Amino acid sequence: MTSQDKGKADPTGHEEISPDDRRKHLDFIQATITRMSAAATTTKSWMLPVVSATYGYALVQKATSVAVLGIAAVILFAYLDANYLRQEKRFRRLYMAVAEGKDKIAVFSLNPDDAMPPGDKSTEEWARWMPRWINRLFPGPAVWKSWSVGPFYLALIVAGVIVAVRTNVAS
């Protein structure tokens, strides 16, 4: 495709996308996915020492309030991690839509909503009855059930509850 052919419309009225533009678009989306994945890993790497310190201190000093603080930290980090995972999944859907070329997505668009098919049950099922601001704020149940979020953080919350109960009984 020559530079003159770039931007010509196909018979359906949509602008053709050059293979180089599509490759570059995919690179941009992949870079965003990589950043989301790295941020989730960083969240876990920051959370583990914070939680270990709070639970350990609570056990040694028999301080229930510190154990509860550790549980609150786990919940905060779980929320952050779940949001990173939700965003990563949304950008993966955008990546697939651009790679397949089925959906007409604007060239170099980094808006994952462009790849959301109308009536998508994976996100709209639980969100139908929720206000829009809650949908934007909280990840759906599918994200929380993910092996990298749900079981990981649930185990740490259960450990925190055990620490809080032990420190409360011991004091």
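Only a predicted model underlies this, so the values are computations on that prediction, with no experimental measurement involved. Position 1 is the first residue of the sequence, and the numbers go up from there.
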Co-membership, hydrophobic cluster, residues Leu59 and Val68, 4.5 Å side-chain: no
Hydrophobic cluster membership, Val161 vs Val51, 4.5 Å side-chain cutoff: yes
Joint cluster assignment, Tyr79 & Val158, ILVMFWY side-chain distance < 4.5 Å: no
Cluster check Leu26, Phe28: I/L/V/M/F/W/Y, side chain < 4.5 angstrom: yes
Rounded distance [0.5 Å steps], CH2 in Trp46 versus OG1 in Thr41: 14.5 Å
Which atom of Ser148 lies closest to which atom of Leu85, heavy atoms considered: OG-CD2, 3.9 Å
Verdict with supporting geometry, Asn83 and Arg86, side chain to side chain contact (heavy atoms under 4.5 Å, CB included): CA-CA 5 Å; Asn83 272 312; Arg86 174 181 61 172; 2.8 Å; yes
Same apolar cluster (I L V M F W Y, side chains within < 4.5 Å links), Leu154/Tyr84: no
Straight-line distance of Met36 CE to Arg92 CZ, nearest 0.5 Å: 11.5 Å
Within 6.0 angstrom of Tyr55 OH, more than 12 heavy atoms from elsewhere: yes
For the student: nearest non-hydrogen atoms of Tyr95 and Gln30, plus distance: CE1-OE1, 4.0 Å
Side-chain heavy-atom pair Ser18, Asp21 within 4.5 angstrom cut-off: yes
Single hit among Val169, Ile162, Asn168, Thr167 for side chain to side chain contact (heavy atoms under 4.5 Å, CB included) with Val165: Val169
Atom of Ala58, atom of Ala67 and distance for their closest heavy-atom approach: CB-N, 3.6 Å
Backbone N/O of Pro49 and side chain of Ser52: donor-acceptor pair under 3.5 Å: no
Members sharing Val66's hydrophobic cluster (side chains within less than 4.5 Å): Tyr57
Check: Ile33 main-chain N/O paired with Ser37 side-chain donor or acceptor under 3.5 Å: no
Working for side chain to side chain contact (heavy atoms under 4.5 Å, CB included), residues Tyr153 and Met47: CA-CA 10 Å; Tyr153 290 102; Met47 188 253 338; 3.8 Å; yes
Straight-line distance of Arg93 CZ to Met96 CE, nearest 0.5 Å: 12.0 Å
Atom pairs and distances, donor-acceptor, side-chain atoms in residues 69-76, under 3.5 Å, two or more places apart:
none

Arg23 with Asp20: basic N within carboxylate O range, under 4.0 Å: yes
All pairs passing salt bridge (Lys or Arg N to Asp or Glu O under 4.0 Å) where residues 37-52 contributes a residue, at least two apart: Lys44-Asp81
